[in-house]
Each structure stands twice: as C-alpha cells, then as structure tokens.
Amino acid sequence: MITVGIDVGSITAKAAVVKDGEVISYKLILTGYNARKAGEKVFENVIKDLCMQSSSIDKIISTGYGRNSVVIAHNAVTEITCLAMGAHFLDPAIRSVIDIGGQDSKAIAITGIGSVKDFAMNDKCAAGTGRFLEVMARALEVDLNDFGDFSLKADHPSTISSLCTVFAESEVISLISKGEKRSNIIAGIHESIAARVVAMAGRVGLKTPIMMTGGVAKNIGVVKALERKTGEKIAVSPKAQITGAIGAALIGQRA
C-alpha cells in the first residue's frame, strides 16, 4: 500500500510517501501565498521523483494549517495527531513532542502507541515561533540560518523580557544601539523562546524522552536553550520538518 501525507504549513509545504510502513521519499517546498497550489505542487514533485502516477497512490492525507485547502486529499487530519504518529514512527520511545513551526508552537504528550495523550498550543501570538525568529533576524541583519551558530558564541545571553514580538523587537533594537554583541542578543532571543515554550509545555507535563520537530528544530541554539530549560536531552531527527507529513501518510496506511 502506498500513501502520501501532505503537510501544508505557513512557511513550507511537505509531502512524504510511505509504502508498506516505510518512508520511501519526501519533499519540501515554500508554501507561498496559495496553500492549495502548494499542496498540489509538493505532491506532484514527490511522486515525480519516484516516477509514479497519481493513480498509483492508494490514499492521500493532508495536515497542517492549510490541510483543508488540499482538495486532492482523501481526508484531513489535525497536525497534533500527525506529529504524534510521526514522532512515534521516528522513535517509538518518545513520550513528548515540542513542535515549533512558522506560526505556532505545540507541546504534545504521546502514548506508547503514538496517540495523543494531551497537548497545549500557542497559535494566538507570534512569540516563540519561526515568524518571531524571522522578525529578529531582520532587526539584527543576520541570516536566520546562522542564528544557531551565532548563539553558541555568546558569553552572556541578553535579557529579552517581553512576550510580545513587537515589544521584543524594540528591546532588540535598543540592545543593538547600546552596542551589545549580536551573539549575546541572539542567545537571549533563544532563551526567551525556550522559556515561553517550556511554560506552555508545563501544562501538559513533559515526559522523557522528548523530541523536537518543525523548522525551528534546525536551529541548534533553540534546541540547546530548550535543553537547559527542561534539564533534559532533546532528540532532533533529520526528518524533523517532515514529521507531520510522515504521520499523515502513516494514518493513511492504517485507514
């Protein structure tokens, strides 16, 4: 059986192909302004890489904030459920997932079979998300891809006290004007994100082992900040960004 999971997020659209319980291919593209087209395009790209026709796919499951825009999908499933399933597939020992994406962050407690036990979500404010980091990167004139390495060079992380993106940006601009080192400011930004996410995760009760998923998982500075705040090692899979798409495809297999 061949299934495809399509995860349309605010910044990227991902597709994963699962055949008989194994991931055989995946693809990631920018979502752009049209979630429907992004879902269709990433699907076309991933099956093209496998030299497959759409008729070869038994089931398509969509997830992510744009899941209801993917008209080619047979069913739409929430990203909470798909992330839990995907994380369990990547490592069956995982009991908690921290997901930080472009527009929201989530903490999910999962069972030994990959189902959702409890979850908390921040989808009302950009603080603690990928968008927050993008705003800070522009203010600091630093490539977002370099944020992680920059923060590791910090000798004294700056204090970013505001929980609002707008006010936090003002704090950063003030620190820049005072001559504060970029590395210290970036480390402070990461500490601020970690504090906010861990406070949210406290509502569900983080159980170990913990896995981090989403695009921000590529930022080693945020991962390290989360480890300091939780006091626990956090696993990051090379497939962190496509965990939701994998979970969606696996749900298609079970369906």
Side-chain angles (χ1 to χ4, degrees), residues 9-12 83 87 96-108 120-204 206 208-241 243:
S10 60
I11 296 177
T12 58
L83 285 168
S96 299
V97 178
I98 292 174
D99 180 85
I100 306 180
Q103 70 173 6
D104 60 33
S105 55
K106 315 170 192 71
I108 311 166
M121 185 173 181
N122 163 39
D123 60 353
K124 304 299 182 185
C125 175
T129 69
R131 293 292 188 195
F132 178 79
L133 285 169
E134 285 184 352
V135 170
M136 298 305 154
R138 284 196 297 269
L140 287 161
E141 297 182 352
V142 174
D143 190 313
L144 187 54
N145 293 324
D146 297 329
F147 253 43
D149 291 338
F150 256 98
S151 68
L152 297 181
K153 299 173 184 176
D155 48 42
H156 190 274
S158 303
T159 299
I160 310 293
S161 58
S162 179
L163 297 180
C164 170
T165 302
V166 175
F167 293 139
E169 183 181 14
S170 295
E171 282 190 73
V172 166
I173 292 171
S174 177
L175 288 167
I176 294 170
S177 68
K178 292 176 182 177
E180 182 61 274
K181 291 167 58 177
R182 277 193 175 97
S183 57
N184 286 344
I185 297 173
I186 293 170
I189 291 167
H190 292 166
E191 292 292 330
S192 174
I193 289 174
R196 187 178 181 89
V197 170
V198 170
M200 175 189 66
R203 301 204 298 269
V204 301
L206 285 177
T208 56
I210 305 168
M211 175 178 282
M212 185 175 175
T213 61
V216 179
K218 297 187 297 182
N219 184 324
I220 186 63
V222 175
V223 176
K224 293 297 183 184
L226 284 168
E227 289 182 336
R228 286 191 292 272
K229 294 293 183 184
T230 61
E232 301 290 346
K233 178 70 177 176
I234 295 178
V236 178
S237 167
K239 297 182 176 68
Q241 273 191 283
T243 305

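Small disclaimer: the values here were computed from a predicted structure and weren't measured.
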Query raised in the report: Less than 4.5 Å apart, any side-chain heavy atom of His190 and any of Leu133?
Result: yes

Query - Main-chain N/O of Leu140 paired with Arg182 side-chain donor or acceptor, under 3.5 Å - result: yes

Query raised in the report: Is there a side-chain contact between Arg196 and Ser105 (heavy atoms, below 4.5 Å)?
Result: no

Query raised in the report: Got Leu144 and Glu134 here, is their nearest side-chain heavy-atom distance under 4.5 Å?
Result: yes

Query raised in the report: Quick one: are Ile100 and Met212 in side-chain contact, heavy atoms under 4.5 Å?
Result: yes

**Report entry** Validation row: Glu169, Arg138 side chains within 4.5 angstrom (heavy atoms)
**Finding:** no

**Report entry** Approximate separation, where rounding is to 0.5 Å, of Glu171 CD and Thr159 OG1
**Finding:** 8.5 Å

Query - Side-chain donor or acceptor of Ser237 paired with backbone N/O of Lys239 under 3.5 Å - result: yes

**Report entry** Ile189 vs Phe132 side-chain heavy atoms within contact, under 4.5 Å
**Finding:** yes

Query raised in the report: Do Ile220 and Val236 come close enough that some side-chain heavy atom pair is under 4.5 Å?
Result: no

**Report entry** Thr213 and Asp99: side chain donor to acceptor below 3.5 Å
**Finding:** yes

Query raised in the report: Is the side chain of Glu180 donor-acceptor paired with the backbone N or O of Ile185 at a distance under 3.5 Å, no angle test?
Result: no

Query raised in the report: How long is the span from the CG atom in Leu206 to the CD1 atom in Ile234, to the nearest 0.5 Å?
Result: 8.0 Å

Query raised in the report: When you measure from the side chain of Asn184 to the backbone N and O of Asp155, does any donor-acceptor pair fall under 3.5 Å?
Result: yes

Report task. Starting at CE of Met211, measure out to CD1 of Ile108 and round the result to the nearest 0.5 Å. Result -> 11.5 Å

**Report entry** Interatomic distance, Phe147 atom CZ to Asn219 atom CG [nearest 0.5 angstrom]
**Finding:** 8.0 Å

